[in-house]
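Sequence lines set the chain letters: A, B, ... in the order given, protein chains first and strands last, and positions in each chain run from 1.
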Protein chains: 2
Amino acid sequence: MPTHQEQEQPRRRQARGERRIAQLLEAAASVFTSTGYAAASTNAIAREAGVSPGTLYQFFPNKEAIAIELGQRLMADMRAAYGQALAPIDPATPLEQAVAAAVDRFIDFNCHNPVFFTLMHGPDVPGRMAEEHDALHNTLITRVEDLLSPLLPDRPAAAVTRIAHVCMALYMAGLELVLASEGDEREAYVQELKDVLFRYLDPLVGDRLRDAQATAATTATPGAAASTAASNPTP
Amino acid sequence: MPTHQEQEQPRRRQARGERRIAQLLEAAASVFTSTGYAAASTNAIAREAGVSPGTLYQFFPNKEAIAIELGQRLMADMRAAYGQALAPIDPATPLEQAVAAAVDRFIDFNCHNPVFFTLMHGPDVPGRMAEEHDALHNTLITRVEDLLSPLLPDRPAAAVTRIAHVCMALYMAGLELVLASEGDEREAYVQELKDVLFRYLDPLVGDRLRDAQATAATTATPGAAASTAASNPTP
DNA sequence: GACAAACACGAGTCGTCGCTCGCATTCTGA
DNA sequence: TCAGAATGCGAGCGACGACTCGTGTTTGTC
């Protein structure tokens, strides 16, 4: 593979070019989703987009750049559409609802953009692509940490990071099941994923709530401290 | 097209050949683990084993066959070493300990055989390899179902299957985190994985316990014993 | 020892894939 | 209008990887 070190200045794109880029990225998303990144051939992407291989390389220096650009646009889309879902949780809303809302939003995004899962999950990422992959992953982890830290004020930072990693891993695992199923089955898996996350986090957060309620109880009525996890009648 | 039943009769292997096969499988495990199945080249496997490419093809018809044989031996090893871990749980042992024991055993196996995770988890599996992959996966799912069904007697089969899939997915997700870390961090992730599985399953199994207690309570008041769907003889 | 079968070698074949190059066509701006 | 830039094409190059083949070596058996 000949290395191109040339820092070429941004070419002035025509409207047609922008359209082609969007078309190529859409085709790439389709091919990546169905065959994975490594197994996807640039010729197949060009064919899917209805252009010649040469045209593809008019807009992307190499195969990696396609995936990177796709990843960046995907992240931008996610931030634009669901950024507020990752804002700190209002402490007034119950954890169960907060988890359910976050899961619903992300599941929705991933169902509409299945490439996202492929790019995040695929271990078949060579070289510089892995960096982008990690950057994407770390961005999400940091978001989850920010989301969790107000709920876990008395835990060391390392523990919060670990919990965030576990949450991400659980979410990705659940997402895989969700994407692999359809209809009612899919709904059922979504519910299971919510249950998993809620039941995992509730005892951790529960400490804080119980502490808060205990302090409140010293000044007010003692008795409503038993907010246990079994408030969820799953059919 | 007439199906060529040309099954070549098993070649008479010498001791040297068996040794080479073991050597090659070990090398393949190493290469698969570090680069993944798709990116692993047969020449690299042969080099790792210290033999020529031609020698490799003396014992395996193609690259796929290496992975398949490896998968089969791995499953056999697992069955031999940990088969009893997948035997039905003694209902007397608390769920938390049962989960912890199962997780410990499997984590141990996977830490000593990291290829297993690569072969199970890799989406880069072409053609007939995917069948073997699925077979392996389904075997494990069935085992988990057998493990869970006595704990979930009043759930429909579909729900038990779904719960088994969720457990497998959670375990695989946790395993990825565990294998990616070391030392204390690894121990911490193992504990998190146990917590996740226990907290997920406890409320489900808890229903059964509560039902059992309810049945025991109604036994004092005769006549209403038919309310419980599955009268579970307490073992 | 003789013969065949199993084992071992490694240069070479063949197909695929990322990517290029020369040339044609379309658009933009002055 | 027309020069030059952007876009578009597709045969083909170079590299790499799965797999083969002709040949030589070791092992088991009579």
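For DNA chain D, none of the residues of residues 22-30 of chain A falls under the heavy-atom distance limit of 4.0 Å. Across residues 36-52 of chain A, A:Ala40, A:Ser41, A:Thr42, A:Asn43 each have a non-hydrogen atom less than 4.0 Å from an atom of DNA chain C (numbered order).
A cation-pi geometry, defined here as NZ or CZ lying under 6.0 Å from the six-membered ring centre and within 45° of its normal, does not hold between B:Lys63 and B:Tyr57.
The interatomic distance linking A:Arg13 (CZ) with D:dT7 (C1') rounds to 9 Å, in whole Å. In this structure, B:Arg16 atom CZ and C:dC9 atom C1' are separated by 12 Å, rounded to whole Å. Here the C1' atom of nucleotide D:dG28 and the CD atom of B:Gln14 are 7 Å apart, to the nearest Å. Put simply, CZ on A:Arg19 is 17 Å from P on D:dA6, counting in whole angstrom units. Protein atom OH of A:Tyr57 is 10 Å distant from nucleotide atom C1' of C:dT20, rounded to whole Å. In this structure, the CD atom of B:Glu18 is 21 Å from the P atom of D:dT26, given to the nearest Å. In this entry the distance linking CG of B:Leu56 with P of D:dT20 reads 11 Å, nearest Å.
Residue B:Gln58 places its side chain closer to C:dC7 than to any other of C:dC7, D:dC19, C:dC27. Here the side chain of B:Arg12 is nearest to one of D:dA6, C:dC19, D:dT29, namely D:dT29. Comparing D:dG8, C:dC27, C:dC7 by their closest approach to the side chain of A:Thr55 singles out D:dG8. Taking the side chain of A:Lys63 as heavy atoms from C-beta on, and the options C:dG18, C:dA6, D:dA6, the nearest nucleotide is C:dG18. Residue A:Asn62 has its side chain nearest to C:dC19 when only D:dC19, D:dA6, C:dC19 are considered.
In the model, A:Thr139 has no side-chain atom that pairs as donor or acceptor with a side-chain atom of A:Thr142 under 3.5 Å.
Within 4.0 Å of B:Gly17, counting heavy atoms only, lie sugar-phosphate atoms of the nucleic acid but no base atom.
In B:Asn138, the CG atom is crowded: over 12 heavy atoms of neighbouring residues, nucleotides or ligands sit closer than 6.0 Å. Remark: B:Glu26 CD is loosely packed, at most 12 non-hydrogen atoms of other residues, nucleotides or ligands lying under 6.0 Å away.
At a threshold of 4.0 Å, the pair A:Asp202-B:Arg199 does not count as salt-bridged, since none of the basic side-chain nitrogens sits closer than that to a carboxylate oxygen. A salt bridge does not link B:Glu96 with B:Lys194: none of the charged nitrogens is closer than 4.0 Å to a carboxylate oxygen.
Ring geometry for A:His121 versus B:His121: interplanar angle of 30 to 60°, hence tilted. Ring pair B:His137/B:His165 is tilted by interplanar angle, where 30° to 60° counts as tilted.
With a 4.5 Å cut-off on side-chain heavy atoms, B:Ile163 and B:Leu201 count as touching.
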